[in-house]
Amino acid sequence: MIFIGNHLSSSGGFLAMGKAAIALGADTFAFFTRNPRGGQAKPIDPEDAKALIKLMEENNFGKLVAHAPYTMNVCAAKEDIKEFSRNMLADDLDRMQYVPGNYYNFHPGSHVSQGADVAIPMIADAINFAFKEEHQTTLLLETMAGKGSEVGRNFEELRAIIDRVELKDKVGVCFDTCHTWDGGYDNVNNFDAVLKEFDDVIGLDRLKAVHLNDSKNPFDSHKDRHELLGEGTLGLDALKYIVTHEKLQGKPFILETPNDDAGYKKEIALVRSWFN
Ligand code: FE
Ligand code: FE
Ligand code: ZN
């Protein structure tokens, strides 16, 4: 079995997200630690966080997969954006202490015109600056589609970042099915080979969570546009194969499909039906 859920709005607080997840049939969820377009984070009510932890225990939730805002770019060419992003990463990891033992996923960044070889040490340096021994969170780097100057376009780039991180034991990867497909990994015809490559380059023990999306674009297109499950170029057979793969059991799967609540409810039920 896997855990399945989707992105929820954090505007009503932690407990409200837990309840919303249950209403959708979910047993994990993702949330933006602050407005996805950036800005100031709301103060956390410790009692609200505790209430969510209790609800999660009572309902056998899997690990949560928090997501950093899209504006975060710790390898930005502009010094002020880079500095702002590094501080945001540090602040988010402090805030995650209210819900310890979960995942915090972020996009490695965009190197703009500096090149990945310049950006990779910068990303690792930002992690080493922000991520402390006392943090009870596993930091996840997301596999990216390689659009524009995105870093993390292949497994080798993620490995190169991890190699430079001090707290390696607390770093993993979030595998996005749309991004990797768009990035040139054949999740449709040879997912076993993709996992083998992941294992050879990064190590499968680092694969902690999955973003479960179909794709609007063809294999190797480097585009990154998510599609509803079964309506894109991956298709239901491939997605079912991934979800039920023995090496991915027990992990949180997060839907990032272009959906409303009714649509998410249907997709969550569909994914669960693959285990019957
Ligand atoms: Fe993402
Ligand atoms: Fe994603
Ligand atoms: Zn995406």
Side-chain angles (χ1 to χ4, degrees), residues 2-10 26 28-38 62-75 85 88-89 92-93 96 102-110 123 126-127 137-155 157-158 161 171-185 187 194 198 202 206-229 231-234 238-239 242-243 248 251-259 264 267-268 271:
I2 54 139
F3 298 97
I4 176 83
N6 59 296
H7 269 266
L8 297 172
S9 161
S10 59
T28 178
F29 61 88
F31 62 99
F32 286 104
T33 48
R34 61 189 79 212
N35 183 313
R37 303 285 155 209
K63 288 188 189 295
L64 305 178
V65 191
H67 199 302
Y70 294 134
T71 48
M72 184 188 283
N73 186 11
V74 297
C75 60
S85 298
M88 189 152 65
L89 180 61
D92 274 358
L93 287 166
M96 286 298 289
N102 290 295
Y103 297 142
Y104 176 86
N105 170 61
F106 81 110
H107 296 179
S110 290
I123 296 162
I127 296 172
T137 297
T138 301
L139 187 65
L140 305 186
L141 299 163
E142 185 166 350
T143 58
M144 302 310 293
K147 95 173 137 20
S149 66
E150 278 174 348
V151 184
R153 59 194 291 129
N154 55 43
F155 299 158
E157 288 190 358
L158 296 177
I161 297 166
V171 175
V173 172
C174 177
F175 185 97
D176 189 306
T177 57
C178 166
H179 296 176
T180 45
W181 167 251
D182 285 19
Y185 291 96
N187 294 335
V194 174
F198 189 103
I202 301 175
R206 294 214 191 263
L207 202 169
K208 303 291 190 194
V210 177
H211 281 170
L212 185 64
N213 304 307
D214 212 322
S215 173
K216 284 192 199 293
N217 289 290
F219 174 67
D220 210 16
S221 57
H222 300 285
K223 281 286 204 300
D224 185 6
R225 300 262 327 269
H226 304 180
E227 182 55 285
L228 301 173
L229 303 189
E231 310 224 337
T233 51
L234 280 129
L239 292 166
I242 293 167
V243 166
L248 299 182
K251 299 187 195 301
F253 279 61
I254 303 295
L255 296 162
E256 300 178 306
T257 46
N259 252 324
Y264 282 125
E267 286 192 334
I268 289 166
V271 168

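First listed ligand is number 1; within each ligand, the first listed atom is number 1. When reading the values below, keep in mind they use all heavy atoms of this one structure, side chains included, and skip hydrogens, waters and symmetry mates.
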Atom of His211 closest to the Fe ion (ligand 2), considering N, O or S atoms = ND1
Measure from the Fe ion (ligand 2) to each N, O or S atom of His226 and report whether any distance is below 2.8 Å.
-> no
Approximate separation, where rounding is to 0.5 Å, of Thr233 OG1 and Glu227 CD = 8.5 Å
When you measure from the Fe ion (ligand 2) to each N, O or S atom of Glu256, which atom gives the shortest distance?
-> OE1
Verify, without hydrogens or angle tests, whether Thr143 (side chain) and Asp176 (backbone) share a donor-acceptor contact under 3.5 angstrom.
-> yes
Derivation of the ring pair (Phe, Tyr, Trp, His ring centres under 6.0 Å) call for Phe155 and Tyr185 = CA-CA 10 Å; Phe155 299 158; Tyr185 291 96; 4.0 Å; yes
Just say parallel, tilted or perpendicular for the rings of Tyr70 and His67, cut-offs at 30° and 60°.
-> perpendicular
Closer than 2.8 Å to the Fe ion (ligand 1), do we get an N, O or S atom from His67, backbone or side chain?
-> yes
Glu256 side chain vs His226 backbone, donor-acceptor pair below 3.5 Å | no
Vertex the Fe ion (ligand 2), rays to OD2 in Asp176 and OE2 in Glu142 - rounded to 10° = 90°
Would one find an N, O or S atom of His107, in either backbone or side chain, under 2.8 Å from the Fe ion (ligand 1)?
-> yes
Among the N, O or S atoms that Asp224 has, which is closest to the Zn ion (ligand 3)?
-> OD1
Is it true that a side-chain atom of Thr177 and a backbone atom of His211 form a donor plus acceptor pair closer than 3.5 Å?
-> yes
Taking Asn73 for its side chain and Ser110 for its backbone only, find out whether a donor-acceptor pair lies under 3.5 Å.
-> yes
His226: its N/O/S atom lying closest to the Zn ion (ligand 3) (atom name) | NE2
Is the Zn ion (ligand 3) less than 2.8 Å from at least one N/O/S atom of His179?
-> yes
